[in-house]
2 protein chains.
Amino acid sequence: MDSSTEEKIYEAARKIFVLKGMEGARMQEIADEAGMNKALLHYYFRSKENLFKAVFKDIFSKFFTRVKGTLLSEITAKEKLGIFIDNYIDLIAANPYVPQFIINEINRDPKVLKSLMFESGIEPQKILGMFLHEVESANGTKLDPRHIVVSLLGMLIFPFAGRPLLQMIYFNDDVEAYNQFLNERKTIVKNMILKFIEA
Amino acid sequence: MDSSTEEKIYEAARKIFVLKGMEGARMQEIADEAGMNKALLHYYFRSKENLFKAVFKDIFSKFFTRVKGTLLSEITAKEKLGIFIDNYIDLIAANPYVPQFIINEINRDPKVLKSLMFESGIEPQKILGMFLHEVESANGTKLDPRHIVVSLLGMLIFPFAGRPLLQMIYFNDDVEAYNQFLNERKTIVKNMILKFIEA
DNA sequence: CTTTGGTTTAACCGTTTGGTTAATTTACGA
DNA sequence: TCGTAAATTAACCAAACGGTTAAACCAAAG
C-alpha cells in the first residue's frame, strides 16, 4: 500500500459508503478501514457530506462512462446490445452493490441529480440517448425504446439487488449455484430482448 | 383519526421506516408524525428495533400474501401471468417504496430473513414456487423458470425504484408522463414475457 | 369523592455522532 | 543542522441519538 493518504481515505470511504450508504456509514468506520486517525478525514475532506459527494460523483460518472464505452464501438445495433449486456453484467458482478447504492442515494436526495450530472462531465441523457437510438434502429421504432431500456436494466440489476432473497428462496443459499445463475443471465437476457425487438 | 394510540404509532412508523429505512428513520420523527410524545413509542414498543421488526415483518408478509392471492385463481397459467402482472404493478403503484425498502433491509441484515419468513406465517418459497409452476407449465420446461421470474420482477420493480433517475432522463421530470409510462408497462411486460415463453 | 391503574408528558441520561483543536511528528529545503 | 510548513494524533466538544424516569393526567370502579 504505497498510495497516498488521501487516496487511502477515498478508497476506504468508497467501500464503506457503497456498502452502507451515506446514513449507515460512520466516519470512524471509514477511518478504521483506512487505518488512520479520524481527524485526517476532515483534514483532507472538510465534512462527511463533502467526502460522500466526492465518492458518489466519482462512482456515478465512472459507471456511466463505462456504459458509454460499450456503446461507442462500430458494429451493428443488435451486436451492440449483446456486447452491452455482457459488459454490463460483468461490470455489476465486479461492483455488485453499486447500482443499488446509486438508486438509493438518488431516492434519498433527488435534488442533487441535476448538479451531479452536470458536474460529472458526462451526460447520462446522451449516453442513454445513444442507447435508445440503438434500440430504435434495431426494432424499427415499432416500440417505445424507453420500455426496452427500462426492462433491460431491471433484468440486469435485480438479480444483484435482490440476491439475498433470491439466493435463499431459489438456490438454498448455494453461492456457487447463484453465481452460475448470474452467468447464465447473459444469454437469457440477450434472447429475451432480441426476441422481443425482432418480433 | 379515532384509531388507537398504538395504531397511530404503528402507521407513523410504517410510513417513516418505508421512506427512510431503519437507519435513516428517527424515533422523534416517528413521534412527530404520530402527533405524540416520543416516550410513548417506547411504552408500546420497547425499542426502535422492536418497532422496526414489527413493521417490517408485517409489510413483508402482507406483500407476499397479496402476491399469493393473485396466483390462486382458477384459470390457465398464461392468464394467471397476465393477471399477476396487472395486480403487481397496481400493488407497487399503491406502495411505490415498499419493494426497494424490503430489498434494502434484507441486504442490510440478511440473517433475519429465515426467522422472518418463518414467523410471518406464509412461506415465500411456496408462493414463488407456485409462480414457478405457472411459468413452467406455460413454457413446457424449455427454460429455467427462475430466470423468467427474476426477469419479470426486475422489469416490474425497476421502473419504481429508479424513478427519479428515469423520470428525469427520459421524461424531463414530467410526472404525468411517467405515470402513463408506468401504466403502459402492464401491456409491454405481458407481451415480453409471453412472447419469450411461447417462442 | 377517592382510589386505582393505565396512559401521557416533560425533563433527563448516557452514548454515539460529526466535527474541532492544540500539540506532536514528519518531511525537507535553506 | 536548523526552521518551517505540512501531516498526523489524542483529546475534546456540542448536538443528536435511543432510551429512561418520575410526575401528571384521566377514566372507571369502589
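Here is the naming used below: chain letters follow the sequence lines, and residue numbers restart at 1 for every chain. Predicted, not measured: the structure shown is a model, and the values here were computed from it.
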Handout entry: B:Lys38, nearest nucleotide to its side chain (from D:dG19, C:dG18, C:dT8)
Key = D:dG19

Exercise for the section: Specify the separation, in whole Å, of atom CZ of B:Phe52 and atom P of D:dG19. Expected result: 13 Å

Exercise for the section: Mind calculating the distance between CD1 (B:Ile9) and C1' (D:dG18) to the nearest angstrom? Expected result: 15 Å

Problem - Heavy-atom side-chain contact between B:His147 and A:Met155 under 4.5 Å - result: no

Exercise for the section: Taking the side chain as every heavy atom from C-beta outward, state whether B:Leu113 and B:Phe60 have any atom pair closer than 4.5 Å. Expected result: yes

Handout entry: Distance below 4.0 Å between A:Thr5 side-chain N/O and D:dA7 OP1 or OP2
Key = no

Handout entry: side-chain N/O B:His42 vs D:dT20 OP1/OP2, d < 4.0 Å
Key = no

Exercise for the section: Consider only side-chain N and O atoms of A:Gln180 and A:Glu184, and report whether a donor and an acceptor are under 3.5 Å apart. Expected result: yes

Handout entry: Atom pair distance, as rounded to whole Å: CD1 in A:Ile16 and P in C:dG18
Key = 12 Å

Practice task
For the side chain of A:Asn37, starting at C-beta, report the closest nucleotide among D:dG19, C:dT9, D:dT9.
Solution key: D:dT9

Completion exercise
The nucleotide from D:dA7, D:dT9, D:dG18 with an atom nearest the side chain of A:Met36 is D:dT9

Problem - Phosphate OP1/OP2 of C:dT8: any B:Tyr44 side-chain N/O under 4.0 Å - result: yes

Handout entry: Name of the residue among B:Phe45, B:Phe52, B:Phe56 meeting ring pair (Phe, Tyr, Trp, His ring centres under 6.0 Å) with B:Phe17
Key = B:Phe52

Practice task
Answer yes or no: does a side-chain N or O of B:Arg26 lie under 4.0 Å from OP1 or OP2 of D:dA16?
Solution key: no

Practice task
Please state how far atom NZ in A:Lys20 lies from atom P in C:dT17, giving the value in whole angstrom units.
Solution key: 10 Å

Handout entry: Which nucleotide in C:dT9, C:dT20, D:dT8 has an atom nearest any side-chain atom of B:Leu40
Key = C:dT9

Practice task
Send over the distance from B:Met27 CE to C:dT16 P, rounded to a whole Å.
Solution key: 17 Å

Fill in the blank from the handout: From CZ of A:Arg46 across to P of C:dT20 the rounded distance in Å is 9 Å

Practice task
Mind checking B:Ala31 for me? I need base, sugar-phosphate or nothing, with any heavy atom below 4.0 Å counting as a touch.
Solution key: nothing

Practice task
Answer yes or no: side-chain N or O of A:Lys48 and base N or O of C:dG19 forming a donor-acceptor pair under 3.5 Å.
Solution key: no

Handout entry: Value in whole Å for how far the P atom of D:dC17 lies from CD of A:Gln28
Key = 19 Å

Problem - Nearest-Å distance for atom pair CG/P, residues B:Leu41 and D:dG19 - result: 10 Å

Completion exercise
Ranking D:dA10, C:dG6, D:dT8 by distance to the side chain of A:Ala39, first place goes to D:dA10

Practice task
Taking atom types as modelled, find out whether B:Tyr10 and B:Asp58 have a side-chain donor-acceptor pair closer than 3.5 angstrom.
Solution key: yes

